[in-house]
Amino acid sequence: MREIPMYDPAKIEKKWQKVWADNKAFAATNDYSKPKYYTLIEFPYPSGAGLHVGHPRPYTALDIVARKRRMQGYNVLHPIGWDAFGLPTENYAIKNHVHPAEITKKNIDHFRQQLQMLGFSFDYDREVDTTDPKYYKWTQWIFLQMFKRGLAYKREMPVNWCTGCKCVLANEEVVEGVCERCGSPVVHKQQSQWMLKITAYAQKLLDGLDEVDFIDRVKTSQRNWIGRSEGAEVDFALEGTGDKLRVFTTRIDTLFGATYMVLSPEHPYIEKYKDQIKNYDALMEYRAAAARKSDFERTEINKDKTGVEIDGLRAINPMTGTSIPIWISDYVLMTYGTGAIMAVPAHDERDWDFAKKFGLPIIEVVAGGRNVQEECYSDVATGTLVNSGFLNGMSVAEAKKAAVEYAQEHGFGERKINYKLRDWVFARQRYWGEPIPIVHCPKCGMVALDEKDLPLLLPEVKNYEPTETGESPLSKITDWVNCKCPQCGGDAKRETDTMPQWAGSSWYFLRYCDPKNDMALAAKEALEYWMPVDWYNGGMEHTTLHLLYSRFWNQFLNDIGVSPVSEPYKKRTSHGMVLAYAYETERDANGQVSPKKDENGNPILLLDDNGKPIIEKMSKSRGNVVNPDDVVAEIGADAFRMYEMFMGAFDQAIPWSTTGAAGCRKFIERVWRLQANLTEDEGLSNDMKASVHATIKKVSEDYDTLKFNTAIAQMMTLVNELVKKGSVTRGEYKTLLLLLNPVAPHVTEELWEMNGFGAPIYTQSWPEYDEAAMVKDEVEIAIQINGKIRGRVMVPASLTREQADTLREHPDVVKAVGDKQIVKFIFVPGRLLNIVVK
RNA sequence: GCCGAAGUGGCGGAAUGGCAGACGCAGGGGACUUAAAAUCCCCCGGCUCCGGCUGUACGGGUUCGAGUCCCGUCUUCGGCACCA
C-alpha cells in the first residue's frame with residue numbers, strides 16, 4: 001500500500017480557489033454559438049452579520065447544477081451580485097454615523113470572501129450591485145419607461161404604514177397585519193404614493209404560469225395571490241336620486257335574495273349624498289374607528305361584524321323592485337370590486353352573520369334542503385333556484401348565465417372579472433434606496449427627468465433618520481430638492497421618496513447578461529442569447545414578492561421590446577430552511593447568548609412535552625446560530641458543502657447537526673484514503689462495472705432533480721464497495737472524482753492532480769453511463785407465498801417468465817408450497833416470484 | 001374557514017404498486033493501540049417459545065402484492081384569509 005499525505009482542506013481549498021480565479025475557470029463566455037445554460041440563485045442582501053448556514057444550501061445546489069452543465073459542454077452563466085439597498089444598512093448607518101455606502105462596501109467584501117471560501121463557481125467578473133449608480137441608472141430608466149406609459153403613477157390613497165420602519169409598505173410586505181421585516185403593527189394612512197400598475201398585468205402574470213416549470217406550490221401561491229374571480233357588476237338604483245350604485249358579485253344568480261346593501265366606510269357616495277344622509281356624523285365616527293384599527297386588529301375580530309345603517313339613502317333591487325336599506329361596514333373593502341356589495345344573507349356566510357346580528361331579512365333563493373334562517377347555504381354545486389321569478393328551477397350555474405344575460409339586456413349589469421392583486425406601492429420614505437427620477441413642477445406637474453440625466457444620484461446627507469411626518473430624509477436636503485423643471489425650466493422640486501428594496505432585484509437577471517453595458521441595460525444579442533434563466537432557485541418567502549414583481553417587470557420590458565422573453569424564468573425551485581436544535585442558553589459577560597453545556601461539554605438540548613428535541617429558527621437571541629466560517633475551519637468547505645446537500649431533502653426544512661456534518665468529513669477522508677489502493681488498471685474492473693455505471697446514472701439524474709441526498713448516498717455506497725474490495729482501478733477512481741466534483745470541488749481536483757489524471761476536472765467531461773453495463777449476471781430475487789416472503793434465491797439476471805417456471809422445483813419453493821395447490825404464479829424479472837396457493 | 005404539503009427506527013432520511021428502513025448520525029460489541037483518538041469489522045424497529053409473528057398516523061377498500069392507489073378520520077407544518 002502506498003504512503004499518502006494527510007488530507008488538509010485548509011491548504012488545498014485555498015490552492016484551488018486561486019487556480020480557478022487565476023484561470024477564470026468559470027467565466028461565462030460570449031461565444032453565442034455554444035449551447036447556453038443560465039443558473040440563478042437569489043442574490044443576497046449583504047448584511048453585517050455575514051453569511052449564515054442557510055445561504056449556502058441553495059448556492060451549493062445550483063453550483064452543482066452549474067458545474068455539471070459546464071462539464072457537459074454548456075456555456076454556463078452562473079452569476080452573483082448584491083441586493084444592497086435596504087433598511088438594516090440604513091439603520092446601522094444611523095446608529096454608527098457611517099455612510100451606508102461605506103457599510104455596504106465592507107459587507108459586500110466580507111460576503112464575497114465568504115462565498116469564495118466555499119468554492120462557488122460564480123463568474124465574479126459579472127457581479128452586480130444594486131446600489132452602484134451604474135446599476136441603478138437602469139433601475140431609474142425602467143421606472144421612467146413605466147411612468148411614460150402610465151404604469152407608474154402617484155395618487156392619494158390609503159396605504160399600509162409601518163409604525164416601526166416609519167414608511168409605507170406594499171401589500172405583499174404586510175404579513176398577518178404586521179410588517180414582514182420588523183414585526184411592528186401596520187396601520188392605514190391616507191397618503192400620496194407612487195404606485196406601479198401591476199394590476200394591468202394580472203391576467204398576463206396568471207397566464208404565464210401555464211408555460212413555465214415552477215414547482216406547484218409556487219404556482220398555486222401566485223394564483224391565489226392574484227386571485228382571479230369571475231362574476232358580474234350590477235347597478236342598483238338609488239331611491240329618489242336617479243343615480244345608481246354599482247356592486248361586484250360572483251353570485252348574480254342570487255340577485256332576487258339581495259335584501260340590503262353594504263358600502264365600505266370609505267365609499268365616495270357617503271360624501272356625495274352627505275346632505276341627504278341624516279346620520280352623517282355617526283357614519284363618520286364609524287369610518288374613523290375603522291381607520292384607527294390596524295390590519296391586525298381587523299383580522300383578530302374577524303367574524304364579529306359591525307356596521308351602521310345609512311339613514312336617508314335606500315336602493316332598489318333591480319329584479320324585485322323592492323326598496324332595501326344600505327349599510328356601511330368594514331367587512332366591505334374599498335380596495336376590492338366597487339367598494340360596495342349586494343348582501344344575500346341566505347347564501348353568503350358574511351352577509352348571513354351581518355343579517356343575524358342586525359335583524360335583516362333572509363330570503364332563500366337557492367333551495368338545498370337547509371333552513372337558511374338557521375344556517376347559511378353557500379354550496380354552488382347543488383341546489384335549485386326558488387323565489388327568483390324566471391330563474392326558478394334552474395341550477396346555480398344556469399341561473400348565473402341567465403341572470404347576467406337578463407341584466408345585460410336590461411342595461412343594469414355585465415360580466416366582470418376581478419383580481420385580488422392590488423397595485424404595488426412603490427415608494428419608501430427612507431434614504432438608502434434609488435431616488436425616483438421625477439420632478440414636481442408647479443406649472444407642468446410631475447415631469448420625468450431626461451434619460452440623459454440618469455443616474456439621478458443619491459445626495460450626501462448628514463442625517464439618515466426617518467421623520468415622524470412620513471417624509472423622506474431626502475426632503476431636508478434643500479439644494480438637492482430644489483431644481484429646475486426639465487420641461488419649462490422653472491423652479492421645481494424633486495421627488496424625495498426612494499424606491500423600495502424590491503426595485504433593484506426586479507431586473508438584475510437581465511443585467512447579468514451584460515453587466516458592464518453603459519448604453520443599455522444590456523445588449524440585445526446578450527439578452528437574446530442568455531434569456532430566459534434556465535433554472536432559478538430561491539426562497540418560498542419571495543413567491544408573492546420578488547418573484548411576482550420581477551415577472552411583472554420583465555413582462556413590461558418584453559412589451560416595450562427590451563427583454564426578448566415574456567417569462568424570465570423557465571424553471572423555479574425552492575429550498576428548505578436550515579433550522580437549529582433549541583438549547584438551554586446562558587449569557588456571557590458581553591451579553592452574547594450561547595448554549596449551556598453539560599459536564600461533558602455538550603450543549604443541553606431543550607425537549608418538548610413528548611421528550612422530542614425542539615427545533616427552531618436560528619437566531620442570535622437563541623444562541624443557536626451556526627457560522628459557516630467555524631464549520632469550514634472545522635471540517636473544510638467540501639465537507640460543509642456536502643453536508644448542506646446531504647442533510648435531507650432539498651426542499652424540506654432541516655435542523656443543522658454538527659455530528660451529521662462531521663460524517664461528511666469522514667466520507668471525504670475515506671475517498672482520500674482510497675488512493676492508497678489504486679491499481680494500474682485504467683479501465684473498470686469486471687465486478688465493479690455494474691456499480692460504477694449505476695452510480696453514474698443515479699448521480700447524473702439526481703443532480704438534475706435536486707435529489708442531492710440520494711446522489712451522495714449512492715456515491716457512499718460505491719465507496720463502501722471499493723473499500724471492501726481493497727483495490728480501486730484508475731478508471732473507477734477517476735469516475736468517482738468526476739461525479740463527486742460538483743459537490744466537493746477542491747478535494748476532487750487535488751486527488752485528480754495527485755494521481756496524474758491530467759488537466760483539471762473543471763476542464764473535463766461529465767462521464768456517460770451504459771445501460772447494458774449496468775446489468776449484473778446474477779440477481780437475488782425474493783420468493784413469496786401469498787405475498788409473504790418465504791426465501792431468497794440467486795437467479796440469472798436474464799431469467800424470463802417461462803424460464804422462471806423451473807423455480808417450482810427449487811427446494812425452498814417446494815418446501816414453502818407444501819401440499820397446497822398453486823393457483824397463480826407471478827414472476828417479476830429481477831425482483832421476485834410470488835406464488836398464490838390455496 | 002379556504003388552499004397546499006406532509007405523517008416511516010433514538011435522529012436526518014431511502015424505497016418506477018414488487019425483499020420497508022438504502023445512506024448517514026447517535027448507540028452497542030470487537031480488532032488494532034501502553035492508552036486515547038483515528039481506522040477497520042460486526043450488531044442496531046418491536047415482540048419472540050428463535051420456527052416465526054408484527055410493523056410505514058388511524059379505520060376501511062382495490063390488488064397475487066400497498067409506505068406507495070381509492071374512500072373516510074386524526075395530527076403537524078406552510079400559505080391565504082371579511083376578496084363579495
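Chain identifiers are assigned alphabetically (A, B, ...) following the order of the sequence lines, protein sequences preceding nucleic acid strands; residue numbering begins at 1 within each chain.
Side-chain contact of A/H575 with A/N537: a donor-acceptor pair under 3.5 Å is present, judged by distance alone. Looking only at atom types and distance, the side chain of A/T306 has no donor-acceptor partner in the side chain of A/Y331 under 3.5 Å away.
Taking every side-chain heavy atom of A/M716 into account, B/C23 is the closest of B/C23, B/G13, B/C3. Between B/U39, B/A15, B/C82, one nucleotide has an atom nearer to the side chain of A/Y331 than all others, and that is B/C82. Each of B/A26, B/C23, B/A81 was ranked by its minimum atom distance to the side chain of A/N720; first place goes to B/C23. Side-chain proximity of A/T659 to B/C25, B/A81, B/G79: nearest is B/C25. When the nucleotides B/A22, B/A14, B/G4 are ranked by their closest atom to the side chain of A/A713, B/A22 comes out on top. Residue A/F248 places its side chain closer to B/A84 than to any other of B/C25, B/G4, B/A84. When the nucleotides B/C82, B/G4, B/A84 are ranked by their closest atom to the side chain of A/Y336, B/A84 comes out on top. Looking at the side chain of A/K724, the nearest of the listed nucleotides B/C42, B/A26, B/C64 is B/C42. For A/D348, the listed nucleotide lying nearest its side chain is B/A84; candidates were B/A84, B/A14, B/U39. Distance from the side chain of A/R831 is smallest for B/U16 among the nucleotides B/U16, B/A15, B/A14.
For a distance-only test at 3.5 Å, the side chain of A/K305 qualifies as a donor-acceptor partner of the base of B/C82. In the interface, the side chain of A/N834 is paired with the base of B/C64 through a donor and an acceptor atom under 3.5 Å apart.
Contacts between residues 254-264 of chain A and RNA chain B, defined by a heavy-atom separation below 4.0 Å, involve no residue at all.
Taking atom CG on A/N418 and atom P on B/A84, their separation rounds to 8 Å, with Å as the unit. One can place CE of A/M715 at 13 Å from P of B/G24, the figure rounded to the nearest angstrom. We find that CD1 of A/I785 is positioned 14 Å from P of B/G65, with the value rounded to whole Å.
Taking atom P on both nucleotides, B/G24 is separated from B/G45 by 15 Å, rounded to a whole Å. To the nearest whole angstrom, the two C1' atoms, one in B/G46 and one in B/G21, are 13 Å apart. Nucleotides B/U62 and B/A5 place their C1' atoms 25 Å apart, quoted to the nearest Å. Across B/C11 and B/C58, the matching P atoms stand 16 Å from one another, rounded to whole Å. Taking the P atoms as reference points, B/U73 lies 24 Å from B/A66, given to the whole Å. The same atom, C1', is picked in B/G9 and in B/U63; the two are 28 Å apart, to the nearest Å. Straight-line distance between the P atoms of B/A57 and B/A14: roughly 15 Å, to the nearest whole Å. Taking atom C1' on both nucleotides, B/A20 is separated from B/G7 by 16 Å, rounded to a whole Å.
Nucleic acid contact class of A/G227 (heavy atoms, under 4.0 Å, all strands): none. The residue A/I654 sits close only to the backbone: its heavy atoms come under 4.0 Å of sugar-phosphate atoms, none of a base. When heavy atoms are screened at a 4.0 angstrom cut-off, A/Y581 is found touching the sugar-phosphate backbone but no base atom. Using a 4.0 Å heavy-atom distance criterion, A/A649 is classed as a sugar-phosphate-only contact. A/R665 comes within contact range of no nucleotide atom at all, as no heavy-atom separation falls under 4.0 Å. Within the nucleic acid shown, A/Q784 comes within 4.0 Å of at least one base atom, counting heavy atoms only. Counting any heavy atom pair closer than 4.0 Å across all strands shown, A/L832 reaches a base atom.
Residue A/R673 has a polar side-chain atom (N or O) positioned under 4.0 Å from OP1 or OP2 of B/C40. Between A/R223 and B/G4 there is no side-chain N or O to OP1 or OP2 distance below 4.0 Å. Phosphate proximity of B/G13 to A/K707: absent, as no side-chain N or O sits under 4.0 Å from OP1 or OP2. Look at A/N709 and you'll find a side-chain N or O under 4.0 angstrom from OP1 or OP2 of B/A14.
A tilted orientation is assigned to the rings of A/Y703 and A/F708, their planes being inclined by 30° to 60°.
Between A/E414 and A/K416 no salt bridge is recorded (no basic side-chain N to carboxylate O distance below 4.0 Å).
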### Query
Tell me, what's RNA chain B's dot-bracket, Watson-Crick or G-U with both distances under 3.5 Å, | for other-strand, [ ] crossing?
(((((((..(((.....[....))).(((((.......))))).(((....)))..(((((..]....))))))))))))....

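Distance check, rounded to the nearest 0.5 Å: CZ of A/R572 to OG1 of A/T543 gives 6.0 Å.
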### Message
One pair to check against ring-ring contact (aromatic ring centres under 6.0 Å, His included): A/F236 and A/F412. What are the steps and the verdict?
### Response
CA-CA 8 Å; A/F236 282 61; A/F412 69 85; 8.2 Å; no

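Nearest-nucleotide assignment on RNA chain B puts the 5′-proximal partner with A/G648, out of A/K698 and A/G648. Where A/Q714 and A/I781 meet RNA chain B, the nucleotide closest to each residue was compared, and A/I781 sits on the side nearer the 5' end.
Here the shortest heavy-atom pairing between A/G648 and A/I654 reads CA-CD1, 4.0 Å.
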